[in-house]
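Shown next, in structure tokens, is the structure this report addresses.
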Number of protein chains: 2
Amino acid sequence: MNLDETDLKLLRLLQVDATISNKELAHRLHKSIAAIHERVKKLKAKGYIKKVVAILDRQKIGMGLISFSQVFLKAHTAEVLNQFEHDVAKFPEVMECYQMAGSYDFMLRIATKDMEAYHEFLRHKLAVLPQVNTVQTYFVLSETKSETLYPI
Amino acid sequence: MNLDETDLKLLRLLQVDATISNKELAHRLHKSIAAIHERVKKLKAKGYIKKVVAILDRQKIGMGLISFSQVFLKAHTAEVLNQFEHDVAKFPEVMECYQMAGSYDFMLRIATKDMEAYHEFLRHKLAVLPQVNTVQTYFVLSETKSETLYPI
DNA sequence: ATTGAAAAGAGGTACTA
DNA sequence: TAGTACCTCTTTTCAAT
């Protein structure tokens, strides 16, 4: 599937606000409602749009602490890597997990209520994983920008 | 505003899928449609729900490279910090920007098409900022988990 | 805050060109 | 592939509790 300029415009708009009606989208892109409907349906069916979600205010819901953890593993066999990825993905505190090129193995973005909750998470969940060698954590002082919008 | 268990359940559900109809939400939480409607409206009005967005498939839309950059500034006056935050927030490639506690000043999550696009971004946008002293970048090999859902 | 019901609006389908 | 008409479902509003 090749995305034309109309598809890209749709994706840009829906990344910012997915509640815009097809009528409004049709108006803005100078197309009919049916055409927009068809295109959005396809973009969802083909997986370009993975999901539509509500983004919450982190402070208001009491998620006061964001931290980044650099994880070093004990070994780098496929089995150890897969097991770590599998285990860590289950922790709801871990919102993002990336395998990295360079000096450490994984980068985690972790959301907890406060430092105490982070400490609990580290001691009883992350550090307990048998594949983990060391964890180096950096804490966020303030959030300047937090976007889900890809620059397409 | 105090969130009760029903509000929390609503927020949990809508963080996963914001297209669930009020009818379905009402059914699952054993409330009337109007009650659900009223609660969701309030959660939006009070800012608990910041926005509803479409989440795209990063690979499918050609955002092939994610990188984390640790930025060290030349000075730490309020003016330098504010100016850097202001400038960097304007770059669409920078999806997240956090001021950090610890050894470096800012952590950026950057999305680009490929290494060439990253290189362009670094040379002509990020490194050009007058507040920036050094930038240390780590590249993502693979994405294990990428969530917008806060563990509430 | 919650309800039930009515009105307004949006989504979805079938057919047309 | 895009447009029109039609039907269905959902959202929104309201009076009342």
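Because the structure is predicted, anything quoted here is derived from the model rather than measured.
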Whole angstroms only, please: what is the NE2-P distance between B/His37 and C/dA1? 15 Å
Applying ring-ring contact (aromatic ring centres under 6.0 Å, His included) to B/Phe91 and not counting sequence neighbours gives B/Phe121
Each nucleotide N or O in nucleotides 15-17 of chain C that has a protein N or O under 3.5 Å away: list the pair and distance.
none

Any residue meeting side chain to side chain donor-acceptor pair (under 3.5 Å) with A/Gln59, in chain and number order, not counting sequence neighbours: none
Identify all pairs in which a protein N or O lies below 3.5 Å from an N or O of nucleotides 3-7 of chain C, and state each distance.
unit_1	atom_1	unit_2	atom_2	d
C/dT3	OP2	B/Ser32	N	2.7
C/dT3	OP2	B/Ser32	OG	2.7

Members of residues 12-29 of chain B that approach DNA chain D, where some heavy atom sits under 4.0 Å away: B/Ser21, B/Asn22, B/Lys23
Pairing residues for B/Glu79 by the salt bridge (charged side-chain N to carboxylate O under 4.0 Å, His left out) criterion, not counting sequence neighbours: none
Residues which pass side chain to side chain contact (heavy atoms under 4.5 Å, CB included) with B/Glu116, listed by chain and number, not counting sequence neighbours: B/Asp114
Test of understanding: with side chain to side chain donor-acceptor pair (under 3.5 Å), list the residues that count as partners of A/Gln131, not counting sequence neighbours. A/Asp87
I'd like to check the ring-ring contact (aromatic ring centres under 6.0 Å, His included) partners of B/Tyr104; sequence neighbours left out, ordered by chain and number. A/Tyr138
Among residues two or more places apart or on two chains, list those pairs meeting salt bridge (Lys or Arg N to Asp or Glu O under 4.0 Å) that have a residue in residues 29-44 of chain A. A/Asp4-A/Arg39, A/Asp7-A/Arg39
How bent is the helix from C/dA1-D/dT17 to C/dA17-D/dT1, comparing axes over its five end pairs at each side, to the nearest 10°? 30°
Reading DNA chain D in the 5' to 3' direction, which nucleotide is the first one with an atom under 4.0 Å from a heavy atom of chain A, and which is the last? D/dT1 to D/dT4
